[in-house]
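Before any comments, here is the structure.
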Protein chains: 2
Amino acid sequence: MTPAQVRAAAPLFAALGDATRLQLLARLATGGPGSIAALSAKAAVSRQAIRKHLDVLADAGLVHSARQGRESIWALAPERLAEAHAYLDRIAAQWDDALARLKRFVET
Amino acid sequence: MTPAQVRAAAPLFAALGDATRLQLLARLATGGPGSIAALSAKAAVSRQAIRKHLDVLADAGLVHSARQGRESIWALAPERLAEAHAYLDRIAAQWDDALARLKRFVET
DNA sequence: ATCATATGCAACCTCTTGGTTGCATAATAG
DNA sequence: CTATTATGCAACCAAGAGGTTGCATATGAT
């Protein structure tokens, strides 16, 4: 991975680096799309706080919303999600190489 | 994944959510262990800033250090690294399920 | 029409982050 | 012994993150 790619991955991880946001993603992944009210129903923080988290996830391209009547429905964003997954795989592969090299080093 | 597991993953992603730290990890993964001076040589920020980033990575369990003479050598932490990788895989799988369900939904 | 619900927006607040500078201290080189 | 090098540590700073409250506005239900 080029330094540019590494730099591009940071905002993605940063968006994932908050428990409330991870729970939101998990909720969307298992429960499907939902309105802000629905998504903040079981949350420990206010509706406005949830809204801000959704905005952060949207900026990272992980979710998107669409207004329907008086409520706005939020859902996972498939495209970028696949991209995120690919990122994770590439980074994991890089780490695996390092792990293998370390192991070889230790065993020699 | 349980809510507790989700919550536990957040600090890990947070540690990865900074370009400087990702570059440090990449450097350690490709170049092997190094002293603070060596690691901050090509960096855009000060040695002290790099040191702080290393501390953050260490708190997340991704790297560890050992003093050798007057310098302290930092390296990737294999155990936790594998754990991090497993996390990523589990989350990716959860997302893949959501993707598949979305696709099915769209195609129906 | 009227009341209730779902959001949007803005102002404010506190704690954390990412960086910096400056100085003290431990080790190695000459 | 003296200079140099590699760190450790603390104080300080500006900007951003995560939350809250309050209030305005758009829709849907009666």
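A note on names: the letters A, B, ... follow the listed sequences, proteins ahead of strands, and every chain is numbered from 1.
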Could you give the [atom1]-to-[atom2] distance, from [X] to [N], as a whole number of Å?
X     : N      : atom1 : atom2 : answer
A/L54 : C/dA6  : CG    : P     : 16 Å
B/I50 : D/dG8  : CD1   : P     : 14 Å
A/L24 : D/dG18 : CG    : P     : 12 Å
A/L57 : D/dA17 : CG    : C1'   : 14 Å
A/D55 : C/dG8  : CG    : P     : 8 Å
A/Q68 : C/dT5  : CD    : P     : 20 Å

Under 3.5 Å, is there any donor-acceptor pair linking the side chain of [X] to the base of [N]?
X     : N      : result
B/R70 : D/dT5  : yes
A/E71 : D/dG28 : no
A/R47 : D/dG19 : no
B/Q48 : C/dG22 : yes

Please tell me if the side chains of A/S72 and A/I36 come closer than 4.5 Å, counting only heavy atoms from C-beta onward. yes
Tell me if a side-chain donor or acceptor on A/R80 pairs with a main-chain N or O of A/A60 at a distance below 3.5 Å. yes
Residue pair A/R101, A/D97: steps toward the salt bridge (charged side-chain N to carboxylate O under 4.0 Å, His left out) verdict: CA-CA 6 Å; A/R101 225 172 307 118; A/D97 286 350; 5.1 Å; no
OP1, OP2 of [N] versus side-chain N and O of [X]: anything below 4.0 Å?
X     : N      : result
A/S46 : D/dT20 : yes
A/R67 : C/dG8  : yes
B/S35 : D/dT7  : yes
A/R21 : D/dG18 : yes
B/S72 : D/dA6  : no

Tell me whether B/E79 at atom CD has more than 12 heavy atoms from other residues, nucleotides or ligands lying less than 6.0 Å away. yes
State plainly whether one hydrophobic cluster holds both B/Y87 and A/L22, where clusters connect Ile, Leu, Val, Met, Phe, Trp and Tyr through side-chain heavy atoms under 4.5 angstrom apart. yes
For A/W74 and for A/K52, find the nucleotide of DNA chain C with the closest heavy atom, then tell me which residue's nucleotide is more 5'. A/W74
Heavy atoms under 4.0 Å, any strand shown: does A/R51 hit a base, just sugar-phosphate, or nothing? sugar-phosphate
Between D/dT7, C/dT21, D/dG19, spot the one nearest the side chain of A/H53, thanks. D/dG19
Contacts of A/G69 and A/D18 projected onto DNA chain D by closest heavy atom; the upstream (5') one is A/D18
